[in-house]
Amino acid sequence: MSFKKIYLIIYLLAYYTGIIWWFYRLNRNRQRILVFHHIMPDHLITDSFEQQFVCSSQSHFERIIDIVNKRLDVTTQIGKPNSAIITIDDGYRSSLIADEALSKYGNNAYFFLPLFNVDGGPLWNDRIKGWMAYVTPGEYTIAGQTYYLYSQSSRRKAYNAIIDSIYTNDCNYLPIIEELETICPFDKLNISEDYANLRFRGLTLDEISQLKRNGHKIGAHSINHEVLSLLPSEKLKQDFQYCGAQINMLFNCSLYAYPFGHKRHVSTECVKECAASGFSAAVMNEYVPDETPYTISRMNIIRYTSRYEIDAELSGFKQWLRNILRWKK
């Protein structure tokens, strides 16, 4: 029996023995901030590896939101006890599908936008991911390395290798993108127009205004979704200052979401520049045990298919179990 199945059995037992409900009560003063990315119509969901990273069907998203609404008060007020905040990252037109789903529950959310994606897109990392996922099957030499792109697993492996090489080269992704465009331009890839329109095109200014009218919060997510911890100091400062200047203009809130958002992507200098640029708080993309106003935890539950696992995460039981297992090690 796999570890995943063992954990699911633990969550099921915890649910029916009342342990999950005890954890909900124990953590009744907590707020959960949930992170989502691309919510797509069900008929556009495929087995593509790039969808496995950050995409979810609308029906699955609605199932999760339904559970969240039954357990917690969904709000946009930071710090409200026994509540949940829904956040949607990256500013693609798939945000409109999320808005449609949220409207069924009367929920408002935070939509975090990289400035590059406003009337634009795709972001550099999505351009590479999309290229690797949808280029015609074959053998390709990229940056001196040969990749065999036939199966989804081989495409994912190649993408990971290329991203790792970019990270070790101070995140200089432009030569890779130029090489990929020479081999096959992005707009010639095997991507349906309907899918590309939602997944790889950013929100327009009119669509952003409509989200605001619908009651949603629009927040900053950097200029171009760079790995902030790898930026030179001056460029990092400029990135935050440029975003900060959009508070009360493009952005109708002062909450910031770090791109990528894991601890390795957010240095002490990033936190300092964020605070200095007019942002009142910032969210990460993972659990932070010693969080501060500028390193607030977020939960990623979009891959959970079991309601018992969703409840285990929302209640705090799953994190408690992780901490116990980590302590025993």
Asks: Name all residues meeting the side chain to side chain donor-acceptor pair (under 3.5 Å) criterion together with N214; count only those two or more places apart in sequence or in a different chain, and write none if there are none.
Replies: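 N214 satisfies side chain to side chain donor-acceptor pair (under 3.5 Å) with D99, Q210 once adjacent residues are dropped.
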
Asks: Which other residues belong to the hydrophobic cluster containing Y256, where Ile, Leu, Val, Met, Phe, Trp and Tyr are joined when side-chain heavy atoms lie under 4.5 Å apart, directly or via other members?
Replies: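 Same cluster as Y256: L228, L231, L236, F240, I247, Y258, V266, V271, F279, M284, V288, Y294.
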
Asks: Dump the intermediate steps for side-chain hydrogen bond (donor to acceptor under 3.5 Å, both in side chains) on S154 and Y147, then the final yes or no.
Replies: CA-CA 8 Å; S154 65; Y147 300 98; over 6 Å; no

Asks: When you measure from the centre of the six-membered ring of Y15, is the NZ or CZ of R307 closer than 6.0 Å and no more than 45° off the axis?
Replies: yes

Asks: Quick one: does NZ or CZ of R127 land under 6.0 Å from the six-membered ring centre of F186, within 45 degrees of the ring axis?
Replies: yes

Asks: Is any side-chain heavy atom of W131 less than 4.5 Å from a side-chain heavy atom of L149?
Replies: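 Contact flag for W131/L149 side chains = yes.
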
Asks: Given a cutoff of under 4.5 Å between side-chain heavy atoms of I, L, V, M, F, W and Y, with clusters grown through shared members, what are the other residues clustered with L123?
Replies: Y92, F116

Asks: Assess, by modelled atom type and distance only, whether the side chains of S153 and S151 contain a donor and an acceptor separated by less than 3.5 Å.
Replies: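 Result is yes, a qualifying pair exists.
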
Asks: For Y304, does the six-membered ring have the charged nitrogen or CZ of R63 within the cation-pi criterion, i.e. under 6.0 angstrom from the centroid and within 45° of the normal?
Replies: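 No cation-pi geometry.
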
Asks: Do the non-hydrogen side-chain atoms of T76 and Y110 ever get within less than 4.5 Å of each other?
Replies: yes

Asks: With a cut-off of 6.0 Å (strictly less than), are more than 12 heavy atoms of other residues, nucleotides or ligands near CZ of R28?
Replies: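 Counting other residues, nucleotides and ligands, CZ of R28 exceeds 12 neighbours.
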
Asks: Can you see whether T168 engages S165 through a side-chain donor-acceptor pair at a distance of less than 3.5 angstrom?
Replies: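 S165 and T168 do not have a side-chain donor-acceptor pair below 3.5 Å.
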
Asks: If you count heavy atoms of other groups shown closer than 6.0 angstrom to NZ of K237, is the number above 12?
Replies: no

Asks: If you count heavy atoms of other groups shown closer than 6.0 angstrom to OH of Y105, is the number above 12?
Replies: yes

Asks: Any carboxylate oxygen within less than 4.0 angstrom of a Lys/Arg side-chain nitrogen, looking at E313 and R322?
Replies: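 Result for this pair is yes, salt bridge flagged.
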
Asks: Salt bridge between R298 and E286, side-chain N to carboxylate O under 4.0 Å?
Replies: no

Asks: For N197 and E193, which I'm curious about, is there any donor-acceptor pair between the side chains at under 3.5 Å?
Replies: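 Side chains of N197 and E193: no pair found under 3.5 Å.
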
Asks: What distance do M132 atom CE and N160 atom CG have between them, rounded to the nearest 0.5 Å?
Replies: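 Reported to 0.5 Å precision, the distance equals 9.5 Å.
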
Asks: Test D239 against K235 for salt bridge (Lys or Arg N to Asp or Glu O under 4.0 Å), laying out the working first.
Replies: CA-CA 6 Å; D239 200 296; K235 189 175 180 182; over 6 Å; no

Asks: Any donor-acceptor pair under 3.5 Å linking the side-chain atoms of S229 with those of S267?
Replies: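 No, no side-chain donor-acceptor contact under 3.5 Å.
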
Asks: Looking only at the aromatic ring of each residue, does the gap between the centers of F317 and W21 stay below 6.0 angstrom?
Replies: no

Asks: Determine whether I39 and L96 make a side-chain contact, defined as any pair of heavy atoms from C-beta on separated by less than 4.5 Å.
Replies: no

Asks: Hey, are the side chains of S83 and T75 touching, using non-hydrogen atoms and a 4.5 Å cut-off?
Replies: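 Yes, close enough: below the 4.5 Å cut-off.
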
Asks: Under a single-linkage rule joining Ile, Leu, Val, Met, Phe, Trp and Tyr whose side-chain heavy atoms are separated by less than 4.5 Å, which residues share a cluster with Y148?
Replies: Y150

Asks: Would you please name every residue forming a ring pair (Phe, Tyr, Trp, His ring centres under 6.0 Å) with H265, sequence neighbours left out?
Replies: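 Per chain and number, H265 pairs via ring pair (Phe, Tyr, Trp, His ring centres under 6.0 Å) with F260, H262.
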
Asks: A side-chain contact here means heavy atoms from C-beta on lying under 4.5 Å apart; do V35 and H37 qualify?
Replies: yes

Asks: Below 30° counts as parallel, above 60° as perpendicular, anything between as tilted: where do the rings of Y134 and F200 land?
Replies: perpendicular

Asks: When you check the side-chain N and O atoms of D311 and Y24, is any donor under 3.5 Å from an acceptor?
Replies: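 Result is yes, a qualifying pair exists.
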
Asks: Got Y195 and C55 here, is their nearest side-chain heavy-atom distance under 4.5 Å?
Replies: yes

Asks: Taking the six-membered ring for Trp and the full ring for Phe, Tyr or His, determine whether the centres of F23 and W320 are under 6.0 Å apart.
Replies: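 Yes; W320 has its ring centre under 6.0 Å from that of F23.
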
Asks: Assess whether atom CG of N248 is packed by more than 12 heavy atoms of other residues, nucleotides or ligands within 6.0 Å.
Replies: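 Result for CG/N248: open.
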
Asks: Run the numbers on L205 and D119 for side-chain contact (heavy atoms from CB on, under 4.5 Å), then give the verdict.
Replies: CA-CA 7 Å; L205 285 172; D119 277 325; 3.7 Å; yes

Asks: Look at atom NZ of K272 and say whether more than 12 heavy atoms of other residues, nucleotides or ligands are closer to it than 6.0 Å.
Replies: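 No.
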
Asks: Looking just at side-chain N and O atoms, do Q241 and E273 make a donor-acceptor pair shorter than 3.5 Å?
Replies: no

Asks: Look at the aromatic rings of Y167 and W124 and report parallel, tilted or perpendicular, splitting at 30° and 60°.
Replies: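 Aromatic pair Y167/W124 classed perpendicular.
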
Asks: Please name the pair of heavy atoms, one in D126 and one in R199, separated by the smallest distance, quoted to 0.1 Å.
Replies: OD1-NH2, 2.8 Å

Asks: If you draw a 6.0 Å radius around NZ in K188, do more than 12 non-hydrogen atoms from other residues or ligands fall strictly inside?
Replies: no

Asks: Side chains of I97 and H38, heavy atoms from C-beta outward: is any pair under 4.5 Å?
Replies: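 In short, these two side chains do not touch, never coming nearer than 4.5 Å.
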
Asks: With sequence neighbours excluded, what pairs up with F3 under the ring pair (Phe, Tyr, Trp, His ring centres under 6.0 Å) test?
Replies: none

Asks: Within 45° of the six-membered ring axis of F111 and under 6.0 Å from that ring's centre, is NZ or CZ of K217 located there?
Replies: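 Here K217 fails the 6.0 Å and 45° test against F111.
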
Asks: Under 6.0 Å from the CG atom of D42, do we count more than 12 heavy atoms belonging to anything else shown?
Replies: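 Counting neighbours around CG of D42, more than 12 heavy atoms of other residues, nucleotides or ligands fall under 6.0 Å, so yes.
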
Asks: Please tell me if the side chains of I183 and I142 come closer than 4.5 Å, counting only heavy atoms from C-beta onward.
Replies: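 Yes, close enough: below the 4.5 Å cut-off.
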
